[in-house]
Amino acid sequence: MRSIDPINFDLLVGRRLWRSMSSTGMWVEKYRPTKLSEIVNQTEIIGSLEALIAHPADMPHLLFSGSAGVGKTTAAMCISKQILGENAKDYTLELNASDERGIGMVREKVKKFSRFAGMSDAPFKLIILDEADEMTNDAQTALRRIIEDTAQYCRFILIANNISKIIEPIQSRCAAFKFTSIPEEDVISRLGEISKKEKIKSDKKGLKAVYEYSEGDLRHAINLLQATASIGDITEEHVKSSAGLTKTSDVDGVLAMALAGKIIEAREKMIELIKVYGMSESDFLKYLNAAVFKSKHERLSEILEFIAKYDYRILVGANPEIQLSALLAELGNVEK
Ligand SMILES: Nc1ncnc2c1ncn2[C@@H]1O[C@H](COP(=O)(O)OP(=O)(O)OP(=O)(O)O)[C@@H](O)[C@H]1O
Ligand SMILES: [Mg+2]
């Protein structure tokens with residue numbers, strides 16, 4: 001996993017997409033809000049954050065949680081810009097907690113970064129720590145010390161998908177905000193605004209279809225809008241074809257190959273879907289699960305158990321490529 005050094009507003013790309021697209025020309029970046037007031041939905045949270053940043057010196061550490069693509073990183077970046085102004089770049093450090101170098105790396109970077117204290121032009125330095133829920137409990141305990149040791153000069157914004165994985169002593173030191181997925185009308189109106197600015201034609205059914213694929217993940221919705229626009233107008237039909245119906249049917253193909261014992265071919269296709277088409281490992285498993293149901297295989301329950309087992313292993317941090325390959329190999333034995 002990459003780590004981002006001092007924050008670079010232009011290059012920050014959603015982590016689930018960085019492997020499949022470059023940031024240049026991406027609408028998610030072009031239309032990323034730069035002020036809290038521009039953030040869609042999350043009204044209560046934005047109200048509270050606006051109140052907090054009105055008195056920056058009193059701002060507590062913050063903990064943002066919630067699902068993907070709903071504005072957590074965006075809100076953190078807006079706070080940085082709004083409080084630190086032109087010093088934002090120099091006084092903000094963005095770190096990815098799940099970086100393989102772990103808590104030692106976090107400690108080193110925070111230490112270096114917090115060293116030059118006594119700034120007269122900013123109330124504090126800001127440290128944005130993304131994927132904090134990927135840290136082990138021990139690492140989080142170490143992080144708690146780091147937060148305490150630097151509290152005089154630094155504020156932390158911790159970002160997590162799953163707040164229940166954050167240890168209690170950290171939770172209790174932060175003001176916590178739970179971001180929710182974006183409702184249909186807000187996704188559609190945002191997509192409408194972007195379509196207008198990009199001068200692309202869209203119809204209601206097309207935008208609704210984008211929403212349905214995105215499940216309230218605005219990043220996903222905007223990416224799908226952009227992908228569809230490269231085919232033509234935003235109609236239901238175009239959305240469906242760019243949403244990768246072909247890709248889900250490719251997963252059906254992977255299942256068929258694996259069950260037929262063609263493990264190498266199945267693995268190659270799986271890797272292509274993930275590396276080239278940017279399908280996430282969890283989506284791959286979701287589609288595979290759906291494909292198994294559709295297949296009405298006589299050993300359905302056994303196959304579903306396999307998928308669940310590997311889903312769990314990946315969730316707790318095992319290497320996805322190795323796990324998915326092992327899953328395919330296991331499927332290859334089912335019909336033997
Ligand atoms: N509430 C929102 N208002 C406006 N744009 C949003 C909102 N949420 C997401 N977006 C769009 O999606 C992109 C990604 O959002 P962001 O990086 O804030 O997601 P996130 O919640 O941090 O997701 P993740 O958990 O995957 O890191 C933004 O650049 C922006 O274009
Ligand atoms: Mg984020």
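Computation of the quantities below employed the complete heavy-atom set of this structure, encompassing side-chain atoms and omitting hydrogens, waters and symmetry-equivalent molecules. Numbering of ligands and ligand atoms starts at 1, following listing order.
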Exercise. Kindly indicate whether a cation-pi arrangement holds for Lys197 with Tyr31, taking the cut-offs as under 6.0 Å to the six-membered ring centre and within 45° of the axis.
Key: no
Quiz item: So is there a nitrogen or oxygen of Arg32 less than 3.5 Å from a nitrogen or oxygen in ligand 1?
Solution: yes
Practice problem: Report the part of Ile222 (side chain from C-beta onward, or backbone N, CA, C, O) that has a heavy atom under 4.0 Å from ligand 1; answer both or neither where that applies. | Solution: side chain
Quiz item: Which of the atoms in ligand 1, numbered in the order shown and given with their element, are less than 4.0 Å from a heavy-atom of Pro33?
Solution: 4 (C), 5 (N)
Quiz item: Among Met77, Lys72, His220, which residue places a heavy atom closest to atom 20 (P) of ligand 1?
Solution: Lys72
Quiz item: So is Val28 polar-close to ligand 1, meaning N/O to N/O under 3.5 Å?
Solution: yes
Quiz prompt | Atoms of ligand 1, numbered as shown, that sit under 4.0 Å from any heavy atom of Thr74 | solution = 15 (O), 16 (P), 17 (O), 18 (O), 28 (C)
Quiz item: Within a reach of under 6.0 Å around NZ of Lys309, are more than 12 heavy atoms found that belong to other residues, nucleotides or ligands?
Solution: yes
Quiz item: Less than 4.0 Å between a side-chain N and a carboxylate O, is that true for Glu237 and Lys240?
Solution: no
Self-check item: Residues Arg267, Glu321: salt bridge by 4.0 Å N-O rule
Solution: yes
Quiz item: What atoms of ligand 1 come closer than 4.0 angstrom to any heavy atom of Ile39?
Solution: 1 (N), 2 (C), 3 (N)
Quiz item: Does any N, O or S atom of Thr74, backbone or side chain, fall under 2.8 Å from the Mg ion (ligand 2)?
Solution: no
Quiz item: Between Val40 and ligand 1, is there a nitrogen or oxygen pair with a distance under 3.5 Å?
Solution: yes
Quiz prompt | Crowding at CD1, Ile264 (>12 non-hydrogen neighbours, <6.0 Å) | solution = no
Practice problem: Would you kindly say whether Gln42 and Thr180 are connected by a side-chain donor-acceptor distance under 3.5 Å? | Solution: yes
Quiz item: Ile182 heavy atoms, cut-off 4.0 Å: which ligand 1 atoms fall inside?
Solution: 1 (N)
Quiz item: Under 3.5 Å between some N or O of ligand 1 and some N or O of Arg219?
Solution: yes
Quiz item: Any N or O of Gly69 that comes nearer than 3.5 Å to an N or O of ligand 1?
Solution: yes
Quiz item: Can an N or O of Arg190 be found at a distance shorter than 3.5 Å from an N or O of ligand 1?
Solution: no
Exercise. Check the surroundings of atom CD in Glu168: do more than 12 heavy atoms from other residues, nucleotides or ligands lie under 6.0 Å from it?
Key: yes
Practice problem: Provide the number and element of each atom of ligand 1 under 4.0 Å from a heavy atom of Asn161. | Solution: 25 (O)
Self-check item: Over 12 foreign heavy atoms within 6.0 Å of NZ, Lys165
Solution: yes
Exercise. Take atom CD of Glu335 as the centre, draw a 6.0 Å sphere, and report whether it contains more than 12 heavy atoms from other residues, nucleotides or ligands.
Key: yes
